[in-house]
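What follows is a short report on a single structure.
Residues: numbered from 1 along the sequence shown. Atoms within a ligand are numbered from 1 in the order they appear, just like the ligands themselves. All values below were derived from every heavy atom in this structure, side-chain atoms included, with hydrogens, water molecules and symmetry-related copies excluded.
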Amino acid sequence: MNGARSDSSDSDGAHSNTGLSNTGLFNRARAVIPGGVNSPVRAFGSVGGTPYFVARASGPYVYDVEGNRYIDYVQSYGPTILGHAHPAVTEAVQTAAASGTSYGAPTHDEVRLAEEIAHRIDGLEMVRLVSSGTEATMTAIRIARGATGRDRIVKFAGNYHGHSDALLVAGGSGVAQQGLVGSAGVTAGAVADTVVAPYNVVPELDETVAAVVVEPVAANMGLVEPAPGFLEGLRQACDEVGALLMFDEVITGFRLCFGGATQWFGVTPDIWCFGKVIGGGLPMGAVGASAEIMSNLAPLGSVYQAGTLSGNPLATAAGLAVLEKLTPDSYGRLTDISARLQAGLTAAFDDAGVEACVPRVGPLLGLFFGSEPPTDFDSAKRICDNGMYQKFFAGMLIRGVAFAPGAYEAVFTSLAHTDVELDATIKACREVAEEMA
Ligand SMILES: *Cc1c(COP(=O)(O)O)cnc(C)c1O
């Protein structure tokens, strides 16, 4: 498959002389890294073929070690909302790096990033910065249990909240692609207090529930919109029993709109989790809530959490550089980009007679090879496992367009995608749709 991609070579071809090949690197990688990758989806297990090994990236493009160029709709699964290697981010990271990479002491930029996040959301008064989305949700659950004195957590099938033990059960994203219900190595005890409910149905709660954790727009089983009234219903159900509502905004947080899902849906949770965009492509996560709830965290309260690299100066610099560029107007532009892609892909599939739907919530985009957009994990799985996505993925990749190597992932656009890339993507899609029909 790899050789066929060279027609999309970068015009400045300098990087094609590395002497490295994707196949060669994958072989070397598999000898020293399980599956050759540091996160399972990257291994192309569910789509087949050899992963491209990235040499560099710029704006809407990634370039592999063989010099092939791809229009990128992976965008690191969300963080690079400005596009790759945006000059503002690169400069901020370079400046920060020259002043030291980690101190183990507080910094000005941590304060600024916390203020920037709190400023965007009514009701969010304090944040604790961590180093990944996984850490954010893990910490959020510990805070919820500490604050309520209760043990049980309700999560929704097909929602992904990172890879911590208690939250992996019925996870979307790579867990879904592996066909695992959870993971080996997770004890029965670790999930004994986790209740899994179907997405888009307000579950019955009782006074043993510490928190209900939800992706306000599900973006790890393709893109599944919350049904009208679902989030409002969760808010009410939590209030009735004194449980905390937790929005996992690791994707929606500052990709959906300026104020995230709280602003978009007008529903205010008790705890928010962030990651991805707020780190600008560096390791970063955050958990936020009211000052009252956050005062449960050490050193103010008895819920312990810590991190050697938490609030890392490179990551805070990158996150600030991104958030400072993301004005309310940016979201209108990103929405236009996603809407153009949605319309082009939809027309390409329609014209070829391929059953597909391209759901969109603002700038968030999904792609399903079925007649109806799914509403929950069961309906998403029926479509994602029907074998059509693999054909689409392979056809697009050899034409120099990289979608995520798994049917359960969302489609990530960036502010760097112009009409040139969108037109090329839609043209490639027309050819692939013909082949699929
Ligand atoms: C990516 C993701 C996470 C996990 O974040 P990591 O930084 O990969 O640990 C959690 N929740 C959601 C909704 C995500 O999309």
Side-chain angles (χ1 to χ4, degrees), residues 37-42 73-81 127-142 144 153 155-178 182-183 194 199 211-226 231 245-256 260-262 264-265 269 271-288 305 307 309-312 315-316 318-319 322 361 363-366 377 380 404-406 408-412:
V37 293
N38 286 309
S39 200
V41 177
R42 300 178 195 170
Y73 295 102
V74 183
Q75 294 293 335
S76 184
Y77 297 93
T80 52
I81 191 168
V127 294
R128 170 64 53 89
L129 301 179
V130 294
S131 297
S132 68
T134 296
E135 272 189 75
T137 58
M138 204 173 76
T139 301
I141 279 176
R142 193 176 298 153
I153 300 294
K155 72 152 299 219
F156 297 96
N159 281 192
Y160 180 67
H161 304 295
H163 62 89
S164 72
D165 282 1
L167 291 173
L168 206 48
V169 51
S173 188
V175 203
Q177 285 160 30
Q178 298 235 323
S183 169
T194 307
Y199 196 69
V212 174
V213 53
V214 66
E215 279 187 77
V217 180
N220 285 285
M221 48 173 166
L223 192 81
V224 177
E225 234 186 301
L231 298 174
L245 178 60
M246 191 186 298
F247 276 4
D248 180 348
E249 295 222 52
V250 172
I251 285 182
T252 55
F254 315 127
R255 180 170 274 276
L256 181 58
T262 309
W264 188 269
F265 294 107
I271 304 182
W272 291 259
C273 297
F274 302 98
K276 298 193 170 114
V277 164
I278 65 158
L282 274 82
M284 172 63 75
V287 49
Q305 183 277 334
L309 299 179
S310 289
N312 175 266
T316 50
V322 170
V361 181
L364 302 178
L365 208 58
F377 199 27
Y408 289 88
E409 310 299 336
V411 176
F412 292 101

Minimum-distance protein heavy atom relative to [atom]:
atom: atom 13 (C) of ligand 1; value: Tyr160 O, 3.2 Å
atom: atom 11 (N) of ligand 1; value: Asp248 OD2, 2.7 Å
atom: atom 7 (O) of ligand 1; value: Gly133 N, 2.8 Å
atom: atom 9 (O) of ligand 1; value: Thr134 OG1, 2.6 Å

Work out which heavy atom in [X] is nearest to a heavy atom in [Y]; give both atom names and the distance.
X: Ala144; Y: Ile271; value: CB-CD1, 4.1 Å
X: Ala136; Y: Val130; value: N-CG2, 3.7 Å
X: Cys273; Y: Ala140; value: SG-CB, 3.5 Å

Review point. Using a heavy-atom cut-off of under 4.0 Å, does the side chain or the backbone of Glu215 touch ligand 1, or both, or neither?
Key: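 Answer for Glu215: side chain.
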Practice item. For Lys276 and ligand 1, answer yes if some heavy atom of the residue is under 4.0 Å from a ligand atom, otherwise no. Key: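 Under 4.0 Å: yes for Lys276.
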Exercise for review: Examine ligand 1 and decide if any of its atoms is less than 4.0 Å from a heavy atom belonging to Thr137.
Suggested key: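 It does not; every heavy atom stays at 4.0 Å or beyond.
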Point to revise | Single hit among Val224, Val214, Asn220, Val213 for side-chain contact (heavy atoms from CB on, under 4.5 Å) with Asn159 | key: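 So, applying the side-chain contact (heavy atoms from CB on, under 4.5 Å) to Asn159 and each of Val224, Val214, Asn220, Val213, only Val214 qualifies.
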Point to revise | Donor-acceptor pair between Thr262 and Trp272 side chains, under 3.5 angstrom | key: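 Indeed, the side chains of Thr262 and Trp272 share at least one donor-acceptor pair under 3.5 Å.
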Check your understanding: Does any donor atom in the side chain of Gln305 or Arg142 lie under 3.5 Å from an acceptor atom in the other side chain?
Key ->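 No.
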Give the atoms of ligand 1, by number and element, whose distance to some non-hydrogen atom of [X] is under 4.0 Å.
X: Ile251; value: 15 (O)
X: Ser132; value: 7 (O), 9 (O)
X: Gly162; value: 3 (C), 4 (C), 10 (C)

Point to revise | Parallel, tilted or perpendicular: ring planes of Phe254 versus Phe274, cut at 30 and 60 degrees | key: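 Aromatic pair Phe254/Phe274 classed parallel.
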